[in-house]
Amino acid sequence: MARTQIIGSGFVTGEHRVTNDALGRLLNSSDEWVRERTGIEARYFVEKGTTTSDLGARAAERAIANAGIAKEEIDYVIFATMTPDFYFPGCGTLLQTKLGLGAIPALDIRQQCTGFIYGLQVADALTRSGLAKTILLVGAEIHSGFMPWNEWDYLFGRGDVGPAQEQISHYSRFRDRAVLFGDAAGAVILRRIEEEERGLIGFAIHSDGASAKDLCLPAVGFAFRPYVDQAQLDDNLTFPVMNGQAVFRAAMTRMPAVVRELCAARGLTIDDIDLLIAHQANLRINEGVQRTLGLSDSRVYNNVQRYGNTTAATIPIALHECRESGRIKPGALVCFVGLGAGLHWGCALWRA
């Protein structure tokens, strides 16, 4: 039986590491306030001019090198992001050109925090059907474009003139979300292998548009005419809105449930999982999912503390760190799980 195996991985972050204390110069927050609510200690932001496709290309180059293949062997690109360089075209063809991949298919998908899991399922379908042999899957985000402030040089320690208190008060209206996000990209190389025991072995994926407004960007779309105007900018509608309690409840119930669903469908139990890699949105969510599933610390990996929420990039970044550190042994059963805007949620099982 042919399966799809992950043969390489890599990631990059934005150029500037920003601690909670540094953000506290722009927001009415503190390191203690952020850690208590999210577990996050720092995140990375890009230099002005760096794009999502730039980060994706850099991560892809590392994944290609890690896989030990020539880039000419890649015959399909899947790019997951909710922060594309442009409204259109998507980042897939931009990355394709930056890497010099030739006129191979480049697919863009928009499942936000579950983009990488959806991308794995699409890649698995393509390889197992014979439509592709070696796929580059990228999850990349530049969230700094959402941020309400303009004092980037001050934040990066390159200037002494910060915002007035009135501006800090304005920025602080968004602190519950502004402290969460970072800029980064992760990539994997997937290849069809003729092996029954190893590779991607199953998926359970769901969506529920009834809850879409619990986490969304309420403007800049073709529900409006024009699709962006000054009133949207003045009302700060270009910053994501989130019903935090509703999203937290959904994650705490649906993420454990979908893990159990997939394990049961594959004739497995939670005890069979060697490592859980969840989407890194909030450490408190992941700790709750871990408790619900009854997993020990040694069977769970979290890195949201160092990078913040990088949406489609979180799982491939964590995967690469676990591969490089030896946390994933040959034959280990790894579970990927996440929930995000849409709402979309899902789970994938991979035998290393």
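Salt bridge present: E41 and R35 bring a charged side-chain N and a carboxylate O closer than 4.0 Å. D54 has a carboxylate O that lies under 4.0 Å from a charged side-chain N of K98, or vice versa, which qualifies the two as a salt bridge. By the 4.0 Å N-to-carboxylate-O rule, R191 lies close enough to E73 to be salt-bridged with it.
With N243 contributing its side chain and A246 its backbone, the two residues share a donor-acceptor pair below 3.5 Å. Under the 3.5 Å distance criterion, the side-chain polar atoms of R192 are matched with a main-chain donor or acceptor of R128. With hydrogens and angles disregarded, no donor-acceptor distance shorter than 3.5 Å links the side chain of T114 to the backbone of I117. T52 places a side-chain N or O within donor-acceptor distance of the main-chain N or O of T83, the cut-off being under 3.5 Å. Judged by distance alone, with hydrogens and angles left aside, the side-chain atoms of Q290 form a donor-acceptor pair with the main-chain N or O of L295 at under 3.5 Å. E195 contributes no side-chain N or O that, together with a main-chain N or O of R3, makes up a donor-acceptor pair within less than 3.5 Å. For H143 (side chain) and G182 (main-chain N/O), a donor-acceptor pair under 3.5 Å exists by modelled atom type. Between the side chain of S172 and the main chain of R175, no donor-acceptor pair closer than 3.5 Å is present. Remark: side-chain polar atoms of R25 are not paired, donor with acceptor, to backbone N or O of D21 under 3.5 angstrom.
Heavy atoms only, all atoms of each residue included: I78 and I109 are closest at CG2-CD1, 4.1 Å. The two residues R17 and A42 make their nearest non-hydrogen contact at NH2-CB, 3.7 Å. Of all heavy-atom pairs spanning I40 and V34, the tightest one is O-CG1, 3.7 Å. Minimum heavy-atom separation, A281 to L180: O-CD2, 4.4 Å. Shortest non-hydrogen contact noted between M147 and F239 is CA-CE1, 4.0 Å. When every heavy atom of A332 is checked against every heavy atom of D274, the shortest pair comes out as CA-OD2, 3.4 Å.
Checking E32 against N20 by side-chain atom types alone, no donor-acceptor pair falls below 3.5 Å. Remark: the E47 side chain and the W152 side chain contain no N/O donor-acceptor pair separated by less than 3.5 Å. Under the 3.5 Å distance criterion, with hydrogens and angles disregarded, a donor-acceptor pair is assigned to the side chains of E321 and Y301. Side-chain contact of Q112 with Y118: a donor-acceptor pair under 3.5 Å is absent, judged by distance alone. Under 3.5 Å, the side chains of T134 and D75 contain no donor-acceptor pair of N or O atoms. Residues Q280 and N309 bring no donor and acceptor atom of their side chains to less than 3.5 Å of each other. Side-chain polar atoms of E287 and N302 form no donor-acceptor pair below 3.5 angstrom. For the residue pair K133 and T127, no side-chain donor N or O sits within less than 3.5 Å of a side-chain acceptor on the partner. E141 and T81 share a donor-acceptor pair across their side chains, judged by distance under 3.5 Å alone.
No more than 12 heavy atoms of other residues, nucleotides or ligands sit less than 6.0 Å from atom CG of D160. Residue F222 qualifies as enclosed at atom CZ: its count of foreign heavy atoms under 6.0 Å is above 12.
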Candidate pair N282 and T38, rule side-chain hydrogen bond (donor to acceptor under 3.5 Å, both in side chains), full reasoning: CA-CA 5 Å; N282 185 311; T38 70; 5.6 Å; no

Apply ring pair (Phe, Tyr, Trp, His ring centres under 6.0 Å) to the pair H16 and F156, showing each step before the final yes or no. CA-CA 7 Å; H16 299 279; F156 295 156; 3.8 Å; yes

Should R62 and E324 be marked as a salt bridge (charged side-chain N to carboxylate O under 4.0 Å, His left out) after you check the CA-CA gap, both sets of side-chain angles, and the distance that decides it? CA-CA 13 Å; R62 295 190 178 188; E324 291 297 291; over 6 Å; no

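Test D272, L333, L349 against R266 for side-chain contact (heavy atoms from CB on, under 4.5 Å) and you get one pass: L349.
Taking the six-membered ring wherever Trp is involved, the centroid distance between the rings of Y227 and Y87 falls below 6.0 Å. Ring-centre distance between Y307 and F181: not below the 6.0 Å cut-off.
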